[in-house]
Asker: 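Take a look at the following structure, please.
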Amino acid sequence: MMQRKTTSTSGIRSKLIRLVTKILLSSLIIFLILNIGLEVFNAKNASTRIQNAVRKNLISKGLILTSNNSRVLRGLAGDNAFLAISDLVTATVGEDTDIIYGIYMDNEKRPWIIAGGIHAEHIPGNALDDSTTSWAATVEKPSWVSMRLAKNELLEFAAPVISEGDRLGTIRYGLTTESMQNELTAATKATLKSLIASTAISCFLALFILFLGVRAARKQAGALTTPLEHLTQSAETISAGDFAKTITVVTNDEIGKLAQTLDSMREKIKHSTEELELRVDERTRALSDANIQLETEVVERREIEKDLVAAKDAADAANKAKSEFLATMSHEIRTPMNGVIGMNKLLLTTDLSTEQQEYAETIKFSAESLLMIINHILDFSKVEAGKIDIESVGFSVSKLISGVVNIISPTANGKNLKLTSHVEKSLPDNLVGDPTRLRQILLNFCSNAVKFTETGGISITTELVKKEAGEVELKFKVTDTGIGIPTEKMQKIFESFSQADNSTTRKYGGTGLGLAICKRLAEIMGGAIGVESVVGESSTFWFTAVLKIGTQAKSGSTANEPKNQKVTVVMPEALTNMRVLVAEDNLINQKIVSKILKKVGFKVELANNGRIAVDMVQQSKFDLVLMDVQMPELDGLGATREIRTLEEKSGGHICIIAFTANAMTGDKEKCLEAGMDGYVSKPINLDDMLATIARLKNEEV
């Protein structure tokens with residue numbers, strides 16, 4: 001009988017295991033099929049995206065290349081500078097493996113220059129035939145056409161070379177899509193490897209899960225059949241008259257109820273022993289429950305701590321990513337801005353017609369406005385990061401207000417607006433604080449007042465709010481007769497990226513950051529900010545600041561002079577013949593800096609990267625190095641460190657000034673730590689640069 005019971009429970013166990021195995025196997029096969037299909041689909045999509053992105057980037061590069069070259073060739077073609085044109089086209093073709101050929105032809109369709117790259121032997125015959133040449137000769141702006149080249153596509157780009165309205169010729173470049181095909185092939189191989197690896201991993205995981213599932217099924221089947229076997233053995237023991245062995249209740253189903261029934265029969269004989277065992281069992285369960293509860297609380301506490309650490313890491317990563325993004329965008333925007341502003345300054349020094357002068361002045365205004373927006377964004381990032389530094393220097397309130405009036409007057413006069421100022425007589429004139437930040441807020445208020453006011457005037461008022469224990473609280477107000485602000489919009493204008501109305505941004509421009517920065521600056525200086533306005537009549541923007549009362553401000557202190565006023569610097573004669581090495585990889589920036597420094601009287605040589613700069617410093621003697629930071633092969637920081645290491649061995653010290661578009665907080669300190677003597681940010685401010693050079697060379701200007 002015992003053998004029949006065991007065989008029966010074994011049959012149940014085998015059936016359960018087979019059923020679970022079939023379900024798991026079917027599910028895993030479906031999972032593998034879906035996973036492989038998804039990987040193939042993603043691989044196709046990735047290949048298409050790569051091909052489209054690379055081709056788009058190639059077209060964008062060709063258009064930018066021909067556009068830049070057409071502008072550079074204006075003067076060269078006008079002067080018939082054949083060798084210079086040849087050098088430019090040949091250098092351009094040689095610098096990029098995607099460029100197969102470069103052609104410069106005149107208006108008679110005669111090619112002056114035909115330069116071939118590393119694939120010159122593959123120049124197609126139709127690149128010089130009548131149809132392609134005729135197309136290139138008629139383009140009025142940078143354009144492109146597509147041709148076939150062996151297994152790849154050839155994209156020809158052309159742009160007219162126009163000077164003062166006259167067409168001097170056409171610049172043409174042929175770019176191959178071979179790099180696109182290579183990248184696509186590499187991506188396809190990588191995707192195939194990834195697919196194979198993913199499939200192998202999926203199969204391994206599927207087999208592993210199947211193994212675990214079968215093992216779990218065996219264990220669960222055993223959990224179901226073991227109580228039956230145990231109950232059978234207990235029943236046979238009771239039927240033999242042995243009541244000492246306890247029947248353990250292990251389930252809460254019908255088997256458990258049957259076990260309880262059999263155990264109740266035994267309780268009549270073993271009542272006293274069972275009662276004692278029950279108490280021990282209850283005590284054990286209580287201790288077990290308490291232990292489980294304690295372990296649960298420990299696990300929950302660890303999970304909370306882990307979540308807090310993860311949240312902190314995520315916040316730190318987000319903040320770091322934002323800072324890196326701002327640093328990258330600042331550098332990438334300031335670099336072309338240096339070219340725009342620098343070239344425009346050089347343009348303004350040439351003989352221009354009235355119309356050309358107006359256009360150049362418009363470019364100057366637009367570039368300076370864009371630079372102001374970039375600086376606002378950087379200021380805002382510093383405010384958010386809590387890295388705004390507040391100075392404590394002596395200054396004169398009356399001179400501060402006078403400086404603001406001097407800066408705003410030209411713009412106000414241009415709109416026929418009356419500009420007045422008033423400083424309360426009881427106000428101490430010798431205060432200690434940060435005049436630069438005070439001026440920043442006032443200039444923002446005044447600039448907005450001029451922007452939004454068409455008739456009437458603007459007044460600047462300074463009042464004493466209270467005076468106690470060596471400190472004063474001042475209230476600065478700027479009142480205009482402009483368009484006014486609705487009541488419901490007054491608080492919104494002090495929020496980040498906000499203005500009173502979206503139409504205001506479209507009509508007047510602005511980032512919506514200026515007032516948000518002013519609000520934070522006022523709070524840092526212990527004050528507040530606000531606005532009072534009547535729509536269509538006037539607006540009064542005000543802020544307060546807590547300042548210390550100091551001694552008489554020093555005569556000639558620069559703290560009272562507006563930092564954005566232009567100061568013309570004339571270089572001492574002792575410095576005009578200096579040999580200057582400019583380490584800069586950007587061609588446009590090289591030209592701008594070279595022309596500016598040569599006009600001052602410097603002798604200029606160029607290095608396209610930090611490695612070349614180090615070699616040139618070793619081979620020749622220079623009085624000064626203007627070092628860009630981000631360059632190929634060896635950046636400016638690394639080049640400076642190598643030069644300083646060489647100087648430790650050979651002696652001497654060459655003056656190195658950072659000349660970079662990196663303008664984030666800490667960039668200047670990194671340059672100085674690397675061994676540089678000074679720091680000048682792009683876009684170029686000639687007066688600042690010359691003043692820095694003169695200061696570091698210990699010459700008076």
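Hydrogens, waters and symmetry mates are skipped; everything else that's a heavy atom, side chains included, is used. Position 1 is the first residue of the sequence; numbering continues from there. Quantities reported herein were computed from a predicted structural model and do not represent experimental measurements.
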Asker: Please tabulate, one pair per line, all N/O donor-acceptor pairs under 3.5 Å involving side-chain atoms of residues 522-540, not counting sequence neighbours.
Answerer:
unit_1 : atom_1 : unit_2 : atom_2 : d
E523   : OE2    : K519   : NZ     : 2.7
S533   : OG     : I485   : N      : 2.7
S533   : OG     : S538   : O      : 3.0
S533   : OG     : S539   : OG     : 2.8
T540   : OG1    : T479   : OG1    : 3.0

Asker: Using only atom types and a distance under 3.5 Å, with no angle test, would you say the side chain of T481 pairs donor to acceptor with the backbone of G457?
Answerer: yes
Asker: How would you list all residue pairs meeting side-chain hydrogen bond (donor to acceptor under 3.5 Å, both in side chains) that involve residues 456-465, not counting sequence neighbours?
Answerer: E463-K477
Asker: Not counting sequence neighbours, which residues clear salt bridge (charged side-chain N to carboxylate O under 4.0 Å, His left out) with K591? List them please.
Answerer: none
Asker: Write down the atom of V432, the atom of S392, and the distance for their closest heavy-atom approach.
Answerer: CG1-C, 3.8 Å
Asker: To the nearest 0.5 Å, what is the distance between CG (L547) and CG (D434)?
Answerer: 9.5 Å
Asker: Quick one: are F395 and L400 in side-chain contact, heavy atoms under 4.5 Å?
Answerer: yes
Asker: Got a sec, which residues hit salt bridge (charged side-chain N to carboxylate O under 4.0 Å, His left out) with K415, two or more places apart in sequence or on another chain?
Answerer: E454
Asker: Nearest 0.5 Å please: distance from the CG atom of L515 over to the CG atom of L521.
Answerer: 11.5 Å
Asker: Rounded at 0.5 Å granularity, tell me how far SG in C446 sits from CZ in R439.
Answerer: 12.0 Å
Asker: Mind checking whether V625 and C655 have side chains closer than 4.5 Å, heavy atoms only?
Answerer: no
Asker: Testing the basics here: between G636 and M676, what is the closest heavy-atom pair and its distance to 0.1 Å?
Answerer: O-CE, 3.7 Å
Asker: Using the test ring-ring contact (aromatic ring centres under 6.0 Å, His included), find all partners of F541 that sit at least two apart in sequence or belong to another chain.
Answerer: F445
Asker: When you measure from the side chain of E647 to the backbone N and O of I654, does any donor-acceptor pair fall under 3.5 Å?
Answerer: yes
Asker: Partners of K475 by salt bridge (charged side-chain N to carboxylate O under 4.0 Å, His left out), sequence neighbours excluded?
Answerer: none
Asker: List, one per line, each side-chain donor-acceptor pair under 3.5 Å for residues 612-623, sequence neighbours excluded.
Answerer:
unit_1 : atom_1 : unit_2 : atom_2 : d
S620   : OG     : R579   : NH1    : 2.8
S620   : OG     : R579   : NH2    : 3.3
D623   : OD2    : R579   : N      : 2.8

Asker: Minimum heavy-atom separation for L427 and V423, please, with both atom names.
Answerer: CD2-CG1, 3.7 Å
Asker: Just how far is it from atom CD of Q630 to atom CG of D628, taken to the nearest 0.5 Å?
Answerer: 7.5 Å
Asker: I693 and F602: side chain to side chain contact (heavy atoms under 4.5 Å, CB included), yes or no, with the steps?
Answerer: CA-CA 12 Å; I693 293 172; F602 293 160; 4.1 Å; yes
Asker: For K418, enumerate each residue passing the side chain to side chain contact (heavy atoms under 4.5 Å, CB included) test, keeping only those at least two apart in sequence or located in another chain.
Answerer: T420
Asker: Between N430 (side chain) and S396 (backbone), is there a donor-acceptor pair under 3.5 Å?
Answerer: no
Asker: For a side chain to side chain contact (heavy atoms under 4.5 Å, CB included) check, start with the C-alpha distance between F659 and V629, then their side-chain angles and the critical distance, and finish with the verdict.
Answerer: CA-CA 7 Å; F659 169 61; V629 172; over 6 Å; no
Asker: Quick one: list whatever passes side chain to side chain contact (heavy atoms under 4.5 Å, CB included) with E473, sequence neighbours left out.
Answerer: V465, K466, T544, V546
Asker: Do you know which two heavy atoms are closest between G678 and L672, and how far apart they sit?
Answerer: N-CD2, 4.2 Å
Asker: For S426, check side chain to side chain contact (heavy atoms under 4.5 Å, CB included) against everything at least two apart and list the hits.
Answerer: E424, L464
Asker: How far does CG of L442 sit from CD1 of I408, to the nearest 0.5 angstrom?
Answerer: 9.5 Å
Asker: Whether the N608 and Q590 side chains hold a donor-acceptor pair (N or O, under 3.5 Å, no angle test) is what I'd like checked.
Answerer: yes
Asker: Please list, chain by chain and in numerical order, all residues satisfying salt bridge (charged side-chain N to carboxylate O under 4.0 Å, His left out) with D677, sequence neighbours excluded.
Answerer: R644
Asker: Quick one: list whatever passes side chain to side chain contact (heavy atoms under 4.5 Å, CB included) with N413, sequence neighbours left out.
Answerer: S409
Asker: Can you check whether L438 reaches F476 side chain to side chain, under 4.5 Å on heavy atoms?
Answerer: yes
Asker: Take M627 and T640 through the side chain to side chain contact (heavy atoms under 4.5 Å, CB included) test and state the conclusion after the steps.
Answerer: CA-CA 8 Å; M627 184 77 73; T640 301; 4.0 Å; yes
Asker: Just do the side chain to side chain contact (heavy atoms under 4.5 Å, CB included) check on L626 and L597 with the steps written out, would you?
Answerer: CA-CA 11 Å; L626 288 180; L597 295 180; 3.7 Å; yes
Asker: First locate atom CG of L587, then atom CD1 of I592, and finally report the distance between them rounded to the nearest 0.5 Å.
Answerer: 10.0 Å
Asker: Kindly give the heavy-atom pair with the smallest separation between V472 and P428, and that separation in Å.
Answerer: CG1-CG, 4.2 Å
Asker: Examine distances only and state if a side-chain atom of N609 and a backbone atom of M631 form a donor-acceptor pair shorter than 3.5 Å.
Answerer: no
Asker: Nearest heavy-atom pair of S594 and V604: which atoms, and what distance?
Answerer: OG-CG1, 3.9 Å
